[in-house]
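Every chain is numbered from 1, with letters handed out A, B, ... down the list of sequences.
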Amino acid sequence: MPELPEVETLCTDLIKANILNNQILDVSVDWEKTLNGMSLKEFRGKLIGSSFISLNRRGKYLVFKTDNNLYLLCHLRMSGSMRIKELNSQKDKHDRILFTFKHLILSFHDPRKFGRVTLTENSDVILNKLGVEPLTGALTKEYLMTRLQKTKRPIKSVLLDQSIIAGIGNIYADETLFAAKINPFRTAESLNEKEIEKLIYFIKEKLSDGIRMRGTSLGKGEGNFQSNGEFGHNQNNLLVFGKKGKPCVNCSHPIEKKIIGQRGTHYCPICQT
DNA sequence: AGTGGCCCCTGGCGGC
DNA sequence: TGCCGCCAGGGGCCAC
């Protein structure tokens with residue numbers, strides 16, 4: 001599941017792969033719903049002949065800007081990735097969009113078809129809905145205290161709410177709460193100032209660790225999100241996610257998995273209070 | 001306004 | 001072992 005560290009890794013790798021400032025020679029689409037409502041004809045018409053001039057990450061979005069003032073916002077959702085392929089290579093079964101350049105092919109690869117790309121001249125409509133970037137100075141104690149005080153939702157659900165903090169997904173949410181020793185069922189408003197400070201510290205640490213490890217690659221094919229087909233290494237550092245029944249590294253009590261807000265949630269009921 | 005629930009998909013895994 | 005059925009999971013949208 002690509003979250004902030006995985007999208008960040010992709011973003012830097014794609015820039016290194018030299019996809020910017022090269023003309024898009026062709027675009028093909030295998031699953032039209034991926035285009036989020038735009039027709040194939042319009043999508044191809046607007047992109048063929050143009051170039052991407054910048055690429056950034058915002059939350060879990062990859063944001064490509066084109067030389068004709070359009071933004072291509074890519075959200076990988078569950079199983080998406082972007083892969084660099086050699087010219088004349090065969091289309092893989094799950095390649096949903098192929099962008100052909102003179103020197104390579106960029107694929108939006110997505111087995112489960114949840115991923116979406118939005119081509120728009122106004123990226124703010126989507127990006128302004130997102131909350132703060134957690135690895136910037138915008139995530140402050142003051143900001144989070146204000147947001148948390150307003151809701152009785154479980155803190156786990158609030159961490160996943162992209163309109164509060166952008167980029168945290170299920171894996172990093174569980175790992176962060178374990179590191180901060182906060183029970184995921186606690187209501188957001190119940191956290192005190194010290195706990196919020198700790199939460200912010202570990203949000204930043206867990207996400208930074210994830211980036212340093214080039215992301216978390218779970219499973220076989222689907223966890224393989226990277227543009228070059230390699231795997232990240234952060235899965236080796238997980239302490240609770242996917243560890244149901246295994247002993248907690250602190251207290252040896254079995255890690256539990258329960259559902260919070262329709263999301264599987266892994267935690268230690270002893271250490272996280 | 002805030003919040004909970006449903007839905008999209010299909011690979012992979014659990015259960016028998 | 002092999003097969004079948006079911007579930008995970010982000011976020012948009014709808015209902016309350």
Side-chain angles (χ1 to χ4, degrees), chain A residues 1-8 10 29-38 57-63 73-83 92-97 108-118 120 123-131 134 146-177 184-190 207 210 215-225 231 235 238 240-246 255-267:
Chain A
M1 302 139 254
E3 307 180 25
L4 186 152
E6 291 73 36
V7 179
E8 181 70 26
L10 257 181
V29 177
D30 153 290
W31 180 253
E32 213 165 319
K33 273 193 183 179
T34 306
L35 305 184
N36 214 5
M38 183 176 280
R57 179 194 59 74
R58 174 78 172 97
K60 300 178 195 173
Y61 285 90
L62 283 169
V63 182
L73 307 178
C74 298
H75 199 297
L76 305 169
R77 296 277 184 95
M78 295 279 305
S79 61
S81 63
M82 298 206 73
R83 300 183 175 181
D92 287 308
K93 185 179 176 191
H94 303 303
D95 286 336
R96 303 305 175 195
I97 308 177
F108 186 89
H109 184 270
D110 185 23
R112 296 199 188 178
K113 299 180 173 175
F114 279 2
R116 293 289 181 268
V117 304
T118 307
T120 175
S123 60
D124 290 346
V125 173
I126 290 175
L127 300 183
N128 280 354
K129 292 178 188 163
L130 297 177
T146 308
R147 298 302 298 260
L148 296 191
Q149 276 163 6
K150 280 194 264 192
T151 179
K152 294 181 160 62
R153 293 158 74 203
I155 186 61
K156 164 67 185 273
S157 299
V158 173
L159 287 182
L160 295 179
D161 186 336
Q162 303 299 301
S163 73
I164 298 176
I165 302 172
I168 302 175
N170 211 30
I171 297 173
Y172 292 92
D174 285 359
E175 293 297 320
T176 295
L177 287 170
F185 286 93
R186 290 268 302 279
T187 64
E189 61 161 15
S190 77
L207 293 174
T216 305
S217 298
L218 292 172
K220 297 196 172 79
E222 291 192 22
N224 181 356
F225 64 89
F231 287 77
Q235 61 275 18
L238 301 181
V240 286
F241 190 87
K243 306 292 185 190
K244 179 185 172 187
K246 303 223 167 107
I255 298 302
E256 290 190 4
K257 181 178 181 185
K258 295 201 169 155
I259 304 296
I260 300 178
Q262 285 91 248
R263 296 288 180 273
T265 300
H266 312 73
Y267 70 107

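- Between the CZ atom of A/Arg77 and the P atom of B/dC8 there is a distance of 13 Å, rounded to whole Å.
- The salt bridge (charged side-chain N to carboxylate O under 4.0 Å, His left out) test applied to A/Arg186 returns A/Glu195, not counting sequence neighbours.
- Going from atom CD of A/Gln262 over to atom P of B/dC7 covers 12 Å, rounded to whole Å.
- The salt bridge (charged side-chain N to carboxylate O under 4.0 Å, His left out) check on A/Asp30 picks up A/Lys91, A/Arg96, with sequence neighbours excluded.
- Backbone-only engagement by A/Phe241 is indicated by non-hydrogen atom pairs under 4.0 Å involving sugar-phosphate atoms exclusively.
- Across B/dC9, B/dG11, B/dC6, the shortest atom-to-atom separation from the side chain of A/His94 is found for B/dG11.
- Once you apply a 4.0 Å limit to the heavy atoms of chain A, the touched nucleotides of DNA chain C run 5' to 3' over C/dA8 to C/dG12.
- Checked against salt bridge (charged side-chain N to carboxylate O under 4.0 Å, His left out), A/Lys156 has the following partners two or more places apart in sequence or in another chain: A/Asp174.
- Using a 4.0 Å cut-off, some side-chain N or O of A/Lys33 falls inside it from OP1 or OP2 of B/dC9.
- Atom pair A/His75:NE2 and B/dC8:C1' shows a separation of 14 Å (rounding to whole Å applied).
- Side-chain contact between A/Pro5 and A/Thr216 is absent, with no heavy atoms from C-beta onward closer than 4.5 Å.
- Across the protein-nucleic acid pair, A/Met78 atom CE and B/dG11 atom P stand 13 Å apart, rounded to whole Å.
- Proximity of A/Glu175 to A/Val240: side-chain heavy atoms (C-beta onward) are separated by under 4.5 Å at one or more points.
- Screening A/Thr118, A/Asn128, A/Leu73 against A/Ser123 for a side chain to side chain contact (heavy atoms under 4.5 Å, CB included) leaves a single residue, A/Leu73.
- Rounded to a whole Å, the CG atom of A/Asn36 is 12 Å from the C1' atom of B/dC8.
- When side chains are defined from C-beta on, A/Leu4 counts as touching A/Arg57, because their heavy atoms get closer than 4.5 Å.
- Proximity of A/Leu127 to A/Val63: side-chain heavy atoms (C-beta onward) are separated by under 4.5 Å at one or more points.
- Whole-Å rounding puts the A/Lys244 NZ to B/dC13 C1' distance at 13 Å.
- A straight line from CG of A/Leu148 to C1' of B/dT3 spans 16 Å, rounded to a whole angstrom.
- Taking A/Phe185 as the reference, A/Tyr267 meet the ring pair (Phe, Tyr, Trp, His ring centres under 6.0 Å) condition, with sequence neighbours excluded.
- Residues from residues 149-169 of chain A that place a heavy atom under 4.0 Å from any atom of DNA chain B, listed by number: A/Thr151, A/Lys152, A/Arg153.
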